[in-house]
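No experiment lies behind these values; they were computed from the predicted model shown. For ligands, and for the atoms within them, numbers begin at 1 and follow the listed sequence.
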Amino acid sequence: MKKNRENSKLQFERAQKVIPGGVNSPARAFKAVGGNPLFIDKAVGSKIIDIDGNEYIDFVNSWGPHLFGHKPPFILEAIYKALEKGISFGAPVEGETKLAELIIELVPQVEMVRMVNSGTEATMSAIRLARGYTGKNKIIKFEGCYHGHADSFLVMAGSGALTNQAPTSPGITAGVLNDTLIARYNDLKSVETIVESNNDIACIIIEPIAGNMGVIKADDDFISGLRRICDENDILLIFDEVMTGFRVSPSGACGLYNIRPDLICFGKIIGGGLPVGAYAGKKEIMQHISPSGKIYQAGTLSGNPVAMASGIATLEFIKANLDLYEELERKGAFLENGFKQVLKKYDLNYFISRVGSMFCLFFIDTEVRNYDDAIKCDTELFSKYFWSMLDEGIYLPASQFESYFISLAHSNEDLENTIKAFEKTIKNFNVSIG
Ligand code: KE4
């Protein structure tokens, strides 16, 4: 049923006068689906409420940070307690060490951690470290993977860059483009071909489970093949786990693949919703970062005490409740099966991809294994689906090239209502496109 979103419309018109595109991040702009983005008033648990008072079941979850849903009491309490002591000091606090120790405890592949303020800062710093450590200049990334908005990554990038039809951004110099080599996801041969003809490669950076061209899981032998290629050619393997870190297992995708990358990038969940990123890895490599080494990286608010308190509360909860991943898997499987039953009932076979609580429905009836597959999806149909679900009270990422995030706060009733909304949407489709 159509909802009144008048105040969001007015606020969007106002915002567009003073902020480019009216948003501070393009992924929020609804550009790919048309119409105006919702302006949010508040959120709690699995629900998000817009400024017109409409309530939705939220599968964006701030693009991944809210593993427990919105405003979990134990995180709020940690933040309030930290705030009583102050907001930011620009000096070391114990919380930075504590969060680094928790990351190291939960992710065995990590020996040392540097905190930053976003996933972009984490990945940008990780490739600088790889270049400084190896003395080599080029990086390999994969079509459709998104590692944030540092120049080196805005080449065939996913997420908002792809959604807004600019996978390779203007403003990137020829020099940077020359140093970013592009391979094909789940295609080891495409990597071998590049490596055979280039001895100046510092690192390969990958989303081991891609969440920025929809959800695509890397094949086991693809990931183990990357590890082998890196070992044989003195190339560092970097896992970008900004999205998957603490999302798909307590030790992220590293834990699922049982592979040890040389560096891992974190974000989202480790801040519990506050701005935290981190890059981490073997001590032998990390100690080359200033001031213990010469490779420079800094940040006024890196390790902010309030953000650290939020991250510590998050990881301490994970550490004490490791069975939460079984619960997330159960919720994810429930939603996936519900969607599959609806598709079967209407004789449709759109491709569903899911890893734990990361979920994506592709509007294509063949398997999606890489960027070329993903961009063949029917984005027109996605837009119709998006708006129909929104009118049914389900808030999804406004792009075919994103992941939905299920949280511990999504109840069975929420998931059942989401499946019902999906059936109503498909039924209307069949009428309109039948
Ligand atoms: P941030 O700089 O946005 O904190 O992190 C960049 C980043 C790095 N690596 C991966 C795998 C990521 O998914 C991201 C950011 N994800 C997008 C959503 N797909 C953030 C949403 C946005 O850009 O507004």
Side-chain angles (χ1 to χ4, degrees), residues 19-32 37-38 40 58-66 115-127 139 141-164 166-167 169 185 205-218 238-248 252-254 261 263-280 299 301-302 304 307 310-311 355 357-360 371 374 395-405:
I19 301 172
V23 291
N24 284 312
S25 192
R28 307 173 194 166
F30 277 30
K31 212 166 163 201
L38 304 187
I40 301 305
D58 181 16
F59 288 96
V60 175
N61 270 305
S62 187
W63 302 98
H66 299 315
M115 301 294 170
V116 291
N117 301 281
S118 69
T120 294
E121 270 194 87
T123 53
M124 173 178 85
S125 309
I127 62 167
I139 72 166
K141 76 172 285 288
F142 295 87
E143 293 165 325
C145 282
Y146 179 74
H147 304 293
H149 66 89
D151 282 4
S152 297
F153 302 129
L154 290 181
V155 187
M156 294 305 288
S159 185
L162 175 56
T163 302
N164 291 292
S169 172
Y185 204 80
I205 184 167
I206 187 165
E207 292 178 61
I209 295 162
N212 289 293
M213 39 181 158
V215 176
I216 301 179
K217 189 173 182 300
I238 302 176
F239 271 15
D240 176 351
E241 294 226 44
V242 167
M243 191 183 280
T244 54
F246 306 101
R247 164 66 55 182
V248 297
C254 287
L263 293 172
I264 309 175
C265 303
F266 297 102
K268 298 181 192 276
I269 289 174
I270 66 166
L274 292 185
V276 180
Y279 58 107
L301 297 175
S302 296
N304 170 275
S310 179
V355 179
S357 58
M358 289 173 64
F359 177 100
C360 177
Y371 174 83
Y395 186 61
L396 301 175
S399 165
Q400 173 67 84
F401 309 115
E402 294 288 358
S403 172
Y404 312 0
F405 296 103

key: Parallel, tilted or perpendicular: ring planes of F142 versus Y185, cut at 30 and 60 degrees   =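 Rings of F142 and Y185: perpendicular, as their planes differ by over 60°.
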key: Partner set under side-chain hydrogen bond (donor to acceptor under 3.5 Å, both in side chains) for E121, not counting sequence neighbours   =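 Result, side-chain hydrogen bond (donor to acceptor under 3.5 Å, both in side chains) vs E121: N117.
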message = Please enumerate all residues that pass side chain to side chain contact (heavy atoms under 4.5 Å, CB included) together with A161, with sequence neighbours excluded.
response =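 With neighbours one apart ignored, the set is A157.
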request  = Please name all residues satisfying ring pair (Phe, Tyr, Trp, His ring centres under 6.0 Å) with F153, sequence neighbours left out, ordered by chain then number.
outcome  =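 Result, ring pair (Phe, Tyr, Trp, His ring centres under 6.0 Å) vs F153: H147.
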query = Quick one: do the E207 and T244 side chains pair a donor with an acceptor below 3.5 Å?
reply =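 The answer is no; no qualifying pair exists.
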query = With respect to S399, which candidate in T163, N164, N212 satisfies the side-chain hydrogen bond (donor to acceptor under 3.5 Å, both in side chains) definition?
reply =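 Result for side-chain hydrogen bond (donor to acceptor under 3.5 Å, both in side chains) with S399: T163.
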First-shell residues of ligand 1 [heavy atom, distance under 4.0 Å] =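 Answer by chain and number: S25, A27, W63, S118, G119, T120, Y146, H147, G148, S159, E207, N212, D240, V242, M243, K268, E402.
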